[in-house]
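Here the structure is a predicted model, which is why all the values come from computation and not from measurement. Both backbone and side-chain heavy atoms feed into the values below; hydrogens, waters and symmetry mates do not.
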Amino acid sequence: MTIQLTFPDGSVHEHEEGATGLDVAASIGARLAKAAVAVKLDGDLLDLSRPLPRSGAFEVVTESTEDGRHIIRHSAAHIMAQAVLDLFDGATFAIGPAITDGFYYDFNIGRPFDADDLERIEQRMAEIVRADQSFSREEHSIPDALGMFADQPYKTEIIESVDASEVGGGDAVTVYRNENFVDLCRGPHLPSTGRLKAMKLLRSAGAYWRGDENRDQLQRIYGTAWESKKALDEYVERLAEAERRDHRRLGNELDLFSFPPELGSGLAVWHPKGGLLRTIIEDYSRRTHLSHDYEIVATPHVAKAHLWETSGHLDFYAEGMFPGMILDEQTEYRMKPMNCPFHILIYKSRGRSYRELPLRLFELGTVYRYERSGVVHGLLRARGFTQDDSHIFAMESQIGNELQNLLDFTLMVLRDFGFEDFEADLSTKPDKYVGEDESWEKAESALRQALETAGLPYEIAAGEGAFYGPKIDVHVRDAIGRRWQLSTLQVDFGQPANFDLLYASGDNTRERPVMIHRALMGSIERFVGILVEHYAGAFPPWLSPVQVALVPVADRHIEYARKVADSLAEAGLRVEVDEADDTVGEKIRRAITFKTPAVLVVGDQDVENGTVGLRLRGDEHERRGIEVDTTIQELAALAAPPR
RNA sequence: GCCGGAGUAGCUCAGGGGUAGAGCAGCUCACUCGUAAUGAGCAGGUCCGGGGUUCGAAUCCCCGCUCCGGCUCCA
């Protein structure tokens, strides 16, 4: 008997029944066989050593592919668990998957791991790798498996709850064994531990069993593993680059903002340069909203608790809100966690006509949310922040067109800030929801249509919508490939009903509008944090708080430098003259350290000729003797905002 | 909120039961300089806060605050 295997190039090859993945790979080429970590048959990953069970589409998985790395990391997790069980008597182990760029495994050793432990574990892992133990796959009945893992409560729980999902299917489970170590696992794995060429343990941290904070807290060890030392080194360098870009570090170095402990966790103060940066961003936001038919409103930071009862926030969001304040010994007030009820009240301030719709109310609205103490993270997760928030009130018939324009507007804004790669999630109707099925269907298809028209790649997050309506979340990729969620566009069928919103139709009947909640940058704080990391602090000139640093060569050039600075400022450029008693080299170094887009040096020759020495950020060398007017034109063009 | 780590000068960090340290930044003086750190001097501390142990605490213990890494959370 033979089987037919279709290779990725479409060719069909016949092999003896019982041939393994490795046999087939070797028949293609020795180098391929050497690089192979597993094979794929009709999309299913199989160990190299397994006889191919049937004909089908065949593919060799090599180590430098995402599938290949996944297998390497999964095997690394096993080897780590083996090392931990070797080293710690009575250790129990839970789950250990491959994750993006690495792997982890959760253990219980009765205490946390410390740095020395990680080193010992890494050394033990190296020994296991050197021993080049084979991974072998076995199938066992559930009773057998329960016997094998009798002293492992987490494994026992996994086996007992097995329902085809976690470790194989039916009434059997698969395990992988190398020497004395056995773990439940669906596989596949590397042929042997010796194939793990590059790995590193990164950190340990607490993690709840089954992700449930009411259950055991385990100790998780994170590690990373790659197909080569070189790939590992590159990854470690990527981590170092991310650390260099950390907005908390750069925010301090560039003197943008700080988090004084006196204020409390998650509350930032903006220093002059950061304040200027914010203002530039906020001005852009107001300007573009005004030119896109939004109307700017302003609302207070607190309101009676009753408002949040009407909106439903106190029912479903109370944990995220700052606690109440009792005024006049009877009325409770709350800091606002969202702006929507205020905008709704503006809508309700008088009767509305269909002629006014869509009504787009926009506010840079500052909100306060009680984020749990462990989750606060610089500007990216703060307790007080300002949203570029808008609520659009529209007739249901207008929703499609409105969403289309809104998505275009969103992408325009994100592109203006230098983001190019977008991905979206479309979250659809959950089990519990308000509104009519028909309305949901219309809104969902309008959202999908908007995504299609915009040509945005998206995934459907089925059932992930809020109970009040479906939504689109837009993610961007930053300069080093990280994904950030920025914009959110949410349709809301609930709040118009909670607040009994109405408008007069053309037939003079009373109709209920639909709301769209949307934030493009999300929060100004978070957006600045992401921009800092995206640009590593070297903002495009239009965003740079200081666009031009003017460096007088000696004291006698200060007067001329000020004159040049005035001319630049008149052209709308943000200039600082560095009058410090330092050498030219030092002043230039300072300007470069602060990532100033343009450095102008003026000395005797410039005073005489009405010129400057011009050095743009990133240029190797300066250009000397440039006329001031020419410089102004060049810099003004360079620093022009996108709109 | 939970687990672990940390908090010493503005910043980065060393030290560690017996007089509190360095580099950078700051200030003063000299230098007046043409594209990534001129030199000298000076000043700077509630060693996160509170309590405890001790003859003596920055150091050891307890509580709190803040930060860091995760978990959980993020309608």
Side-chain angles (χ1 to χ4, degrees), chain A residues 104 106 108 111-115 117 202-222 243 246 248-249 252-253 255 258-267 311-321 337-338 340 369-378 380-381 427 430 432-434 464-469 471 473 485 488 490 492 494-495 517 522 526 549 551-558 580-594 599-607 611-615 619-625:
Chain A
Y104 68 80
D106 288 344
N108 190 341
R111 63 168 178 86
F113 293 102
D114 61 31
D117 293 332
L202 298 174
R203 65 178 70 90
S204 67
Y208 299 108
W209 169 232
R210 298 280 197 194
D212 182 341
E213 61 185 312
N214 298 313
R215 305 199 62 181
D216 293 358
Q217 181 140 27
L218 307 174
Q219 296 300 319
R220 174 171 300 178
I221 301 177
Y222 284 92
E243 204 176 312
D246 191 310
R248 292 163 302 187
R249 164 200 288 260
N252 187 35
E253 287 174 3
D255 199 15
S258 59
F259 295 88
E262 292 85 343
L263 296 192
S265 182
L267 300 169
S311 69
H313 286 98
L314 279 174
D315 284 339
F316 62 79
Y317 196 67
E319 279 187 9
M321 294 173 68
M338 295 176 198
C340 26
R369 296 185 183 176
Y370 174 70
E371 299 290 352
R372 294 170 78 177
S373 62
V375 308
V376 168
H377 182 86
L380 301 182
R381 193 81 179 267
S427 301
K432 275 180 61 182
Y433 61 97
V434 300
E464 291 294 307
F467 67 88
Y468 53 71
K471 65 172 179 175
D473 293 321
Q485 192 205 309
T488 181
Q490 308 192 349
D492 184 350
Q495 292 291 13
H517 307 244
R526 183 175 138 85
V551 175
V553 171
D555 287 354
R556 64 179 177 281
H557 309 121
I558 287 181
D581 184 15
D582 286 315
T583 59
V584 175
E586 172 62 15
K587 285 188 269 198
I588 287 172
R589 180 173 183 275
R590 182 156 47 232
I592 291 174
T593 305
F594 275 89
V599 182
L600 302 191
V601 179
V602 294
D604 286 334
Q605 292 158 36
D606 297 299
V607 173
T611 58
V612 302
L614 173 59
R615 176 177 179 141
D619 283 358
E620 284 275 322
H621 299 291
E622 76 277 13
R623 288 136 60 196
R624 294 204 192 169

message: Is there a side-chain contact between A:Y317 and A:P337 in this structure, where contact means two heavy atoms from C-beta onward sitting under 4.5 Å apart?
response: yes

query: What residues, two or more places apart in sequence or in another chain, satisfy side-chain hydrogen bond (donor to acceptor under 3.5 Å, both in side chains) together with A:Q490?
result: A:Y468, A:T488

query: Mind checking the C1' distance from B:G56 to B:G18? Whole angstroms is fine.
result: 7 Å

- line: Of the listed B:C71, B:A75, B:U35, the closest approach to the A:V601 side chain comes from B:U35

message: If the condition is side chain to side chain contact (heavy atoms under 4.5 Å, CB included), which residues does A:D255 pass it with, not counting sequence neighbours?
response: A:H271

- prompt: Who passes side chain to side chain contact (heavy atoms under 4.5 Å, CB included) against A:D106, sequence neighbours left out?
  reply: A:A94, A:I95, A:Y104, A:A207, A:L218, A:R220

What does the list of N/O pairs under 3.5 Å between the protein and nucleotides 24-28 of chain B look like, with a distance for each?
none

- prompt: Expressed as a whole number of Å, how far does the C1' atom of B:A14 sit from that of B:G21?
  reply: 7 Å

query: Can you tell me if A:D246 uses its side chain to pair, donor with acceptor, with the backbone of A:R248 under 3.5 Å?
result: yes

Rounded interatomic separation in angstrom, taking NZ from A:K432 and C1' from B:A75: 11 Å

Euclidean distance for C1', B:G34 against B:C29 (whole angstrom): 25 Å

Pull out every protein N or O sitting under 3.5 Å from an N or O of nucleotides 29-31 of chain B, one pair per line with the distance.
{"from": "B:C31", "atom 1": "N4", "to": "A:D581", "atom 2": "OD1", "distance (Å)": "2.7"}
{"from": "B:C31", "atom 1": "N4", "to": "A:D581", "atom 2": "OD2", "distance (Å)": "2.5"}

statement: Reading nucleotides 2-9 of chain B from 5' to 3' and marking B where a protein heavy atom lies under 4.0 Å of the base, S where only the sugar-phosphate is that close, and - otherwise, the string is BBS-----

message: If you only use heavy atoms from C-beta on, which nucleotide in B:G34, B:C67, B:A36 is closest to the side chain of A:S265?
response: B:C67

field: d(CZ, A:R248; P, B:C67) in whole Å
entry: 10 Å

message: Under 4.0 Å, counting only non-hydrogen atoms across every strand here, what does A:G613 touch: a base, just sugar-phosphate, or nothing?
response: base

- request: Could you check whether A:G266 gets within reach of a base, just the sugar-phosphate, or nothing at all, counting any heavy atom under 4.0 Å?
  value: sugar-phosphate

message: Using a 4.0 Å heavy-atom cut-off, does A:G211 contact any base of the nucleic acid, only the sugar-phosphate backbone, or nothing at all?
response: sugar-phosphate

Close side-chain approach of A:I592 to A:R615, heavy-atom, < 4.5 Å: yes

- prompt: Can you name the ring pair (Phe, Tyr, Trp, His ring centres under 6.0 Å) partners of A:Y208, sequence neighbours left out?
  reply: none

- prompt: Between B:C33 atom P and A:Q605 atom CD, what is the distance in whole Å?
  reply: 12 Å

- request: Among B:G34, B:A75, B:U72, find the nucleotide with the atom closest to the side chain of A:R372.
  value: B:U72

- request: Please confirm whether the backbone N or O of A:R249 pairs with a side-chain atom of A:N252, one donor and one acceptor, at under 3.5 Å?
  value: no

Any A:M338 side-chain heavy atom under 4.5 Å of A:S311 side chain: no

message: Below the 4.0 Å mark, does B:C33 have OP1 or OP2 next to a side-chain nitrogen or oxygen of A:H557?
response: no

task: Write down the distance separating the P atoms in B:A22 and B:A9, rounded off to the nearest Å.
output: 13 Å

query: With both distances kept under 3.5 Å, what pairs with B:A25, Watson-Crick or G-U wobble?
result: none

- request: May I ask you to say what A:N252 touches in the nucleic acid, namely base, sugar-phosphate or nothing, with a heavy-atom cut-off under 4.0 Å?
  value: sugar-phosphate

message: Between B:C24 and B:U19, how many Å separate the two P atoms, rounded to a whole number?
response: 27 Å

message: Expressed as a whole number of angstroms, how long is the span from A:I588:CD1 to B:A36:P?
response: 6 Å

task: For nucleotides B:A57 and B:G64, find the distance between their P atoms and express it as a whole number of Å.
output: 23 Å

field: By ring pair (Phe, Tyr, Trp, His ring centres under 6.0 Å) - contacts of A:F316 (at least two apart)
entry: A:H313, A:F467

message: Measuring only the P atom in each nucleotide, how far is B:G10 from B:A6? A whole number of Å is fine.
response: 23 Å

message: Of the options B:A75, B:A36, B:G34, whose atoms approach the side-chain atoms of A:Y317 most closely?
response: B:A75

- line: Atom CZ of A:R624 and atom C1' of B:U35 are separated, to the nearest Å, by 7 Å

message: Once side-chain hydrogen bond (donor to acceptor under 3.5 Å, both in side chains) is applied, do any residues pair with A:E586, and if so which ones, sequence neighbours excluded?
response: none

message: How many whole angstroms separate atom CG of A:D246 from atom C1' of B:C67?
response: 12 Å

- prompt: Which residues satisfy the ring pair (Phe, Tyr, Trp, His ring centres under 6.0 Å) test with A:F594, sequence neighbours excluded?
  reply: none

field: Set of side-chain hydrogen bond (donor to acceptor under 3.5 Å, both in side chains) partners for A:R556, sequence neighbours left out
entry: A:D604

Presence of donor-acceptor pair under 3.5 Å, side chain of A:D604 and base of B:G34: no

query: Over how many whole Å does the gap from A:R526 atom CZ to B:C74 atom P extend?
result: 15 Å

message: Please give the distance between the C1' atoms of B:A37 and B:G50 as a whole number of Å.
response: 43 Å

- line: From CZ of A:R220 across to C1' of B:U72 the rounded distance in Å is 11 Å

message: Base, sugar-phosphate or nothing for A:A554? Non-hydrogen atoms, less than 4.0 Å.
response: base

task: May I ask you to verify if any side-chain N or O of A:R381 is less than 4.0 angstrom from the OP1 or OP2 atom of B:C74?
output: no

- line: The ring pair (Phe, Tyr, Trp, His ring centres under 6.0 Å) partners of A:H557 (sequence neighbours excluded) come to none

